[in-house]
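Shown next, in structure tokens, is the structure this report addresses.
In this chain, numbering begins with 1 at the start of the sequence shown.
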Amino acid sequence: MPLPGATRVLIVGAGPNGLACAITLATLGIKATVVDERSERPYGAKGCLIHARTMEVLKTIGISDNLQGIGIQSKGIVFFGAANPLLNVDIAGLSDSTEFPYILLTPQSEAERVFEESLNDRGVEVIRNTKVIGFGESSKEGLHVYFEDGSSVIASYVVGADGAKSTVRSLAGILFQDPSSNVMYDENPSSASFMLFTLADVVLNIHPSIHIPRDAISWHLNGRIMFCPLELPEKLHHFDAPGSSFWRIAIATPPKTATIPPRHPDQVYLQNEIDIRKPWKESIRLYHLHTAATYRVRSAVAETFFKSVGNGKILLVGDSAHVHSPSGGQGMNLGICDAVALGKAIAQHIEGGDDAIFVDYSSKRKEIAMQVIQATKGMTAIINIPNGWRRRIASILMYAANWVTPIRRKIARRLSGISYR
């Protein structure tokens, strides 16, 4: 599909955030141009949790029903010390507060597929292999955006949905740094300075005596390993054998650990880590490795989510605007909620509103991003507590909190996102 010479809204990035923004605009009668530098949707170990508040927001643009037919509806997250439960974050108990009292567990690639199909149904297709490299002079119609292949487009609104290393944000000169340390995201200290998360989608063969729930996420803090149940992809159905099941596992490696995990771990490495970290003596065999990657845990937030450049408006959503620890699976959710809010803000601006609409969008979404960063830093700190007396004290406090309903409910509301309404 060729690029138009001009477009009212240019969305750079066709991940869940860019697609959600485009769907919102299409629902409101505005056809955006969506570009992505990739040739196809990626299939990697990225987000896999869609929370209640995100489902509520997606309902406003007619997408929630499309998602309910995929994935696993999880009751919540259970934190364990060794093999004993400490704290049950009971999302199912929020049925009096939301019509979506669960965490939908599905790989980000599946959510993107549903979103892109929904966008296509609204008459919009993603233009792929199209990489933004620069902004040029502005005209009365908007800002010139230049692409690697020599083409260009004039856009009134440019939405940066192109990830943590956002070209749009960089070209707009918007600072991106940790809100507490002021360390710039682009600074590149040694990986040993960061908590590292290895995420992998795997088929496991689990000993019959081991019970890992398929209706909840299990975080085993002593071993710093998480088990999240997923549906077996159709392409892996030949691995559907008795005793085998499909999982997302997360393995946390604290800062200053002698051995740094590889960027793309292989099956031998992951099997060894499972053997070391699992709290059961019985075996868990990694039967098949589907995809895996290791990420550095960093937090950063953009100085602003809105900036005028010439006669164009630059607007940021998702990882382009904020990044944080994957603890609690907040990233994709925060970005989707950004995107729907931004789509509605752009529509209001087109109808004759002034820039105060975008200032309000930036202020409100940044405030929520700051709260999420603080919460995920706290959760990461809990995971990072070394085994020993500090871990025992933390376990006692978590176990005590489990018996105080208002505390447990507050945690569930925050994790589900409904406290950010």
Side-chain angles (χ1 to χ4, degrees), residues 7 9-22 32-38 41-42 44 46-47 108 112 115 126-136 142-148 152-153 155-179 182-188 293 295-310 312-326 330-343 345-346 358 361-362 365-366 368-370 372-373:
T7 185
V9 183
L10 174 68
I11 298 175
V12 182
N17 308 321
L19 294 170
C21 187
T33 299
V34 184
V35 300
D36 197 285
E37 65 179 68
R38 299 165 298 187
R41 286 194 305 271
K46 296 186 176 181
Q108 180 173 314
E112 288 184 18
F115 285 12
V126 176
I127 304 172
R128 297 194 176 274
N129 291 316
T130 307
K131 183 177 181 179
V132 172
I133 59 169
F135 297 157
L143 182 69
H144 279 264
V145 182
Y146 297 104
F147 300 94
E148 192 174 52
S152 67
V153 64
S156 301
Y157 307 89
V158 180
V159 176
D162 50 341
K165 296 181 179 179
S166 171
T167 300
V168 171
R169 186 191 64 237
S170 178
L171 291 171
I174 298 173
L175 294 180
F176 195 51
Q177 59 188 10
D178 188 291
N182 294 325
V183 173
M184 300 297 294
Y185 184 82
D186 291 336
E187 292 182 22
N188 196 29
Y295 301 92
R296 292 189 296 184
V297 175
R298 291 189 282 178
S299 296
V301 65
E303 182 182 21
T304 179
F305 297 3
F306 158 64
K307 184 176 181 179
S308 291
V309 176
K313 311 296 182 186
I314 307 299
L315 300 140
L316 304 179
V317 296
D319 287 356
S320 302
H322 43 70
V323 293
H324 48 77
S325 167
Q330 297 296 312
M332 178 168 58
N333 294 274
L334 186 58
I336 290 171
C337 292
D338 286 347
V340 175
L342 178 57
I346 292 173
F358 294 141
Y361 160 79
S362 178
R365 295 311 303 174
K366 184 173 181 178
I368 293 172
M370 294 288 283
V372 170
I373 287 172

Could you tell me the separation between the [atom1] atom of [X] and the [atom2] atom of [Y], rounded to the nearest 0.5 Å?
X: I133; Y: F147; atom1: CD1; atom2: CZ; value: 9.5 Å
X: F176; Y: M184; atom1: CZ; atom2: CE; value: 9.5 Å
X: I336; Y: C21; atom1: CD1; atom2: SG; value: 12.0 Å
X: I174; Y: T304; atom1: CD1; atom2: OG1; value: 6.0 Å
X: K366; Y: D338; atom1: NZ; atom2: CG; value: 13.0 Å

Which heavy atom in [X] sits nearest to a heavy atom in [Y], and how many Å separate them?
X: A161; Y: I11; answer: CB-CG2, 4.4 Å
X: G163; Y: R169; answer: O-NH1, 4.0 Å
X: V34; Y: G13; answer: CG1-O, 4.1 Å
X: P179; Y: M370; answer: CB-CE, 3.5 Å
X: K313; Y: S308; answer: NZ-OG, 3.3 Å
X: G331; Y: H324; answer: N-CE1, 3.5 Å

- Task: Run the numbers on L342 and F305 for side chain to side chain contact (heavy atoms under 4.5 Å, CB included), then give the verdict.
- Result: CA-CA 10 Å; L342 178 57; F305 297 3; over 6 Å; no
Between [Y] and [X], is there a side-chain heavy-atom distance shorter than 4.5 Å?
X: V12; Y: V158; result: yes
X: T33; Y: V9; result: no
X: V317; Y: Y361; result: yes
X: F135; Y: V168; result: yes
X: V132; Y: D162; result: no
X: Q108; Y: R41; result: no
X: C337; Y: R365; result: yes
X: D178; Y: R298; result: no

- Task: Classify the ring geometry between F358 and F306 as parallel (under 30°), tilted (30 to 60°) or perpendicular (over 60°).
- Result: tilted
Has [X] got a side-chain atom pairing as donor or acceptor with [Y]'s backbone, closer than 3.5 angstrom?
X: T130; Y: E37; value: no
X: S166; Y: G160; value: no
X: K307; Y: A172; value: yes

- Message: Walk me through whether V372 and H322 qualify under side chain to side chain contact (heavy atoms under 4.5 Å, CB included).
- Response: CA-CA 10 Å; V372 170; H322 43 70; over 6 Å; no
- Chi angles and distances behind the side chain to side chain contact (heavy atoms under 4.5 Å, CB included) call for L171, V309: CA-CA 10 Å; L171 291 171; V309 176; over 6 Å; no
- Message: Between N17 and V159, does the side chain to side chain contact (heavy atoms under 4.5 Å, CB included) criterion hold? Intermediate values first, please.
- Response: CA-CA 10 Å; N17 308 321; V159 176; over 6 Å; no
